[in-house]
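Everything numeric in this text was worked out from a predicted model, so none of it was measured. Letters A, B, ... are given to chains in the order of the sequence lines, protein chains preceding strands, and every chain is numbered from 1.
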2 protein chains.
Amino acid sequence: MSSKQEFIKKLRNSNLRPTKQRINICDVLFNRDKTFHFTINDLFNLIKDKTGQKVSLATVYNTVHAFHKKGYLKEIPINSNQTYFDTNVSDHHHFFDVKEEKLIDLKNEDVGPIDIQKSIPGKKIKSVEVLVKLED
Amino acid sequence: MSSKQEFIKKLRNSNLRPTKQRINICDVLFNRDKTFHFTINDLFNLIKDKTGQKVSLATVYNTVHAFHKKGYLKEIPINSNQTYFDTNVSDHHHFFDVKEEKLIDLKNEDVGPIDIQKSIPGKKIKSVEVLVKLED
DNA sequence: ATTCTTCTTTAGAATAATTATAAAAAACTC
DNA sequence: GAGTTTTTTATAATTATTCTAAAGAAGAAT
């Protein structure tokens with residue numbers, strides 16, 4: 001299946017029609033080997049750079065949120081003025097280089113199993129995220 | 001030592017003069033048994049409620065940031081439009097009840113040791129934070 | 001205590017990320 | 001192709017946070 005067909009499938013699954021703009025967003029997001037960490041603003045600029053076509057900021061927001069809701073993108077819990085997303089939606093953790101404001105993946109093996117020994121009645125665990133901040 | 005004397009000490013250590021406003025902020029922050037998780041806006045409103053005196057938002061921001069810099073407050077990495085702080089500056093982790101937008105402390109024993117097996121040349125680990133999201 | 005200097009408070013303006021709006025354009029249905 | 005629904009877009013609105021500058025309070029020196 002060509003990557004364009006995959007994009008269309010992802011969009012349809014997310015209840016989005018496959019428009020030119022959204023295909024361009026997909027092209028930047030999913031047409032890559034390695035995991036991709038980004039802010040909306042990063043993505044907005046990369047679309048212009050890579051596809052030569054401008055997509056409005058509102059469309060970028062809407063599309064990213066739809067993908068996030070569907071599970072094609074993961075939001076990374078981090079303190080920053082901007083929200084960070086990750087195309088790697090598997091269960092994994094992150095380094096955050098505070099100085100450079102850059103994220104680096106940590107494989108699950110790099111951290112080992114995390115066993116939460118406390119529970120809250122009526123609540124279940126949705127996710128466990130480890131953030132390792134790095135300094136020089 | 002009275003709590004007021006402690007507040008003054010904390011303020012001096014943070015390079016802040018002990019003003020009436022800042023003492024009121026300290027009163028809400030540090031005059032309590034349990035750990036306190038808050039946003040700036042929470043704190044701003046609690047000062048009015050508890051002390052009956054209004055402190056300007058700018059002063060709350062400035063004071064909280066000075067305490068954070070000095071290590072009297074800890075910032076909690078979490079995805080939210082607002083920044084969360086914690087008066088418990090010891091090494092510990094958090095539950096986050098997504099629905100209620102509420103944080104709950106996890107003792108270190110509740111999580112167990114976290115052994116990061118990967119390292120980045122030239123960088124050292126500043127902190128390791130575990131965030132466990134809860135759902136119903 | 002008085003004067004002088006430095007720091008602080010404050011309201012309001014500025015900034016920046018995000019969300020909402022509504023009219024024009026594109027996609028889909030028949 | 002005609003009609004309906006969705007989408008895009010520029011722009012406005014919202015919200016958290018930071019900045020600013022003038023008036024007030026704290027600290028130091030006398």
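Distance NZ (B:Lys20) to P (D:dG27): 14 Å, rounded to an integer number of Å. Computed from coordinates, the A:Asn79 CG to D:dT17 C1' distance equals 13 Å when rounded to whole Å. Taking atom CG of residue A:Asn24 and atom C1' of nucleotide D:dT8, one finds them 13 Å apart after rounding to whole Å. At whole-Å resolution of the value, CG in B:Asn45 and C1' in D:dT15 are 15 Å apart. Straight-line distance from the CG atom of B:Leu11 to the C1' atom of D:dA25: 15 Å, rounded to whole Å.
Protein chain A contacts DNA chain C from C:dA17 to C:dC28, reading 5' to 3' and using non-hydrogen atoms of the protein with a distance under 4.0 Å.
Between B:Phe30 and B:Phe7, the ring-plane angle classifies as tilted under the 30° and 60° cut-offs. The aromatic rings of A:His94 and A:His37 stand perpendicular to each other, their planes meeting at an angle above 60°, with 30° marking the opposite boundary.
Position along DNA chain D of the nearest nucleotide to B:Asn81 versus A:Asn62 favours A:Asn62 as the more 5'-ward residue. Closest-nucleotide positions on DNA chain C for A:Leu57 and A:Pro18 were compared, and the one nearer the 5' end corresponds to A:Leu57.
The side chain of B:Gln21 places no N or O atom within less than 4.0 Å of a non-bridging phosphate oxygen (OP1 or OP2) of D:dA25. Note on B:Tyr61: a side-chain N or O is less than 4.0 Å away from OP1 or OP2 of D:dT17. A sub-4.0 Å separation between OP1 or OP2 of D:dT5 and a side-chain N or O of A:Arg17 is absent. Under 4.0 angstrom from either OP1 or OP2 of D:dA10 there lies at least one side-chain N or O belonging to A:Lys54.
At a threshold of 4.0 angstrom between heavy atoms, the contacts of B:Thr83 are confined to the sugar-phosphate backbone, with no base atom among them. Residue A:Thr59 is in base contact, counting any heavy-atom pair closer than 4.0 Å across all strands shown.
Remark: the A:Asn88 side chain and the A:Ser90 side chain contain an N/O donor-acceptor pair separated by less than 3.5 Å.
The closest donor-acceptor contact from the side chain of B:Asp27 to the backbone of B:Ile23 lies at 3.5 Å or more, if one exists at all. Under the 3.5 Å distance criterion, the side-chain polar atoms of A:Asn13 are left unmatched by any main-chain donor or acceptor of A:Lys10.
Note: the hydrophobic cluster containing A:Phe67 also contains A:Leu57 (ILVMFWY, side chain heavy atoms under 4.5 Å, direct or indirect links). B:Leu106 and B:Leu131 are assigned to two separate hydrophobic clusters, defined by single-linkage of ILVMFWY side chains at heavy-atom distances under 4.5 Å.
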